[in-house]
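Okay, structure first, notes after.
What you see is a predicted model; the values in this text were computed from it and never measured. Numbering of ligands and ligand atoms starts at 1, following listing order.
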Amino acid sequence: MREDLMQRAKDTLLKNLYQVKLNGQNYQRTVPSKEFYVHQWNWDSATHAMGLVYFDERRAVDELLSLISGQWKNGLIAQITFNPNEEKYFPGPEFWGTEKFATGEILTSGITQPPLLGISLLHLYQTIKDIDLKKELVIKVLPAVIKYHEFLKNFRDPEDSGLLTVVHPWESGTDNSTRWDEPLANISLEDIPDAVKILVNKYRSDDKLGNSKHRPGLTDYYKYMYLVHLFSKWGWDNNKIVKESPFVVKDVLFNSLWCRANFALAELLEQEGRRDESATFLKMAQKTQKSLLDLWDDKSGLYTDLDVSNGKRIRIKENTVATFLPIWAGAYNKSILDSLIDRLKDPKQYWSAFPVPTTSLNNSKFELTRYWRGPTWPITNLFVIEGLGKLGPEYQALKMELLSRTFKMIEDNGFYEYFDPINGGARPDKRNTLSLGFGSFSWTSAIYIYLSNKYKET
Ligand code: DGY
């Protein structure tokens, strides 16, 4: 950890602060990056709070208060909470048809993102020193998170399998991962109305503000917006969506975080003396832990997502970083763990100079620069580091090595969205003109602060 970088991380988070008055109330939000992501994103914000809490407890709580401010009556905490004064991002509020679910002036998208919020809440609860702020968390944020978990349980796991269903690649957080190629093939381009394609052609902005070669492809965007169009047409009826969406997947990464988030709520409620509620969330976590084990595929040696559209149950055998997530959830046995650690340490797959690439280097679909199809992302590194941290002493050297390479990649380049797993570069410096992702990125900054503080004693 370097002090100058720590200061720069804080400055980036300060620069990305967005204050807005809605429904007569002031909100403080941190946008992921002013270059493109100018609203508030769900799992980004949960991460921002985990870093903010080390230097501004008030702002960390405000970040979560602002994140829950647009919660729907049914409990949904959306992927995006919009800033009404911003237009840079596509698809903005006018493309979702979610107005009737808005909390007064607070408009959101209609899908969610990986449920990191409960994990962030527990971290704040355990870290905050100010007693009144801690009370505020319990009184205001905890009930919203409980309601959000009830939404996920009721609408995304109606069959009570322990595994939540993800209905849009944007919900998975890892938008264009190679894991979604197969399930997205369920949607044929001919099914997509021309009006949707015209909209994308006209308004898509990520490929203009960023490097189009590094962003998801055009076909992907047609499909992303087709799903939004369908759900909006169905009035955001979540029962219908989970039954009829052409993209319905049991996602390993999403469910590993769901498992951890339920453990987190159980722990917080236990500490608050709310034993019965704690037991409920503990049971949910344990159920998911068991169900995650069923996603293990011995043949491929991978945790596999399941395509469950139209009554199918197809294992998606893609070698990506998601396969390491169940370690954090504690969903493994000894032989699975051994094989996962061998895979992680293999330089032909994941142990490049700057691990952990989001897709295995020897996966034929690996792309060095394209968003979630190759680059190393600090957020997925955080998940792997936390997973290793929960293992025995023999794994701690590996954890520390990954931690130090993650720091180096950020220290050498700055707070970019993601990095080149081979040379650690981002952009835009003389050494490297790849331009990886957007710059002055909040969660890279927050992760730097979080990891530096959490692991400074080890
Ligand atoms: C985007 O638009 O790139 C986001 O990842 C969606 O959440």
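Side-chain N or O atoms of Trp180 include none that pairs as donor or acceptor with a backbone N or O of His168 at under 3.5 Å.
Asp206 does not count as a contact of ligand 1, since none of its heavy atoms falls under 4.0 Å from the ligand. Distances from ligand 1 to the non-hydrogen atoms of Tyr37 include at least one value under 4.0 Å.
Taking distance alone, with nitrogen or oxygen atoms compared against 3.5 Å, Tyr371 approaches ligand 1 more closely than that limit.
By heavy-atom distance, the residue among Asp175, Asp44, Thr174, Ile111 lying nearest atom 4 (C) of ligand 1 is Asp175.
For the salt bridge (Lys or Arg N to Asp or Glu O under 4.0 Å) test with Glu159, the passing option among Lys243, Arg313, Lys250 is Lys250; the others fail.
A distance of 4.5 Å separates CD in Gln28 from CD in Gln19, rounded to the nearest 0.5 Å.
Nearest non-hydrogen protein atom to atom 2 (O) of ligand 1 is Tyr89 OH, 2.4 Å. In this structure, atom 6 (C) of ligand 1 lies nearest to the protein heavy atom Gln79 NE2, 3.4 Å.
Below 4.0 Å from some heavy atom of Trp41 lie the following atoms of ligand 1, by number and element: 6 (C), 7 (O). Residue Gln113 has at least one heavy-atom neighbour below 4.0 Å for each of these atoms of ligand 1: 7 (O).
The heavy-atom pair separating Trp372 from Thr380 by the smallest distance is CZ3-CG2, 4.2 Å. Across all their heavy atoms, Asn262 and Phe281 have their closest contact at OD1-CD2, 3.4 Å.
Checked for salt-bridge contact, Asp181 and Arg373 meet the test: a charged N lies under 4.0 Å from a carboxylate O.
Only the side chain of Arg215 comes within 4.0 Å of ligand 1, counting heavy atoms alone; its backbone N, CA, C and O stay farther away.
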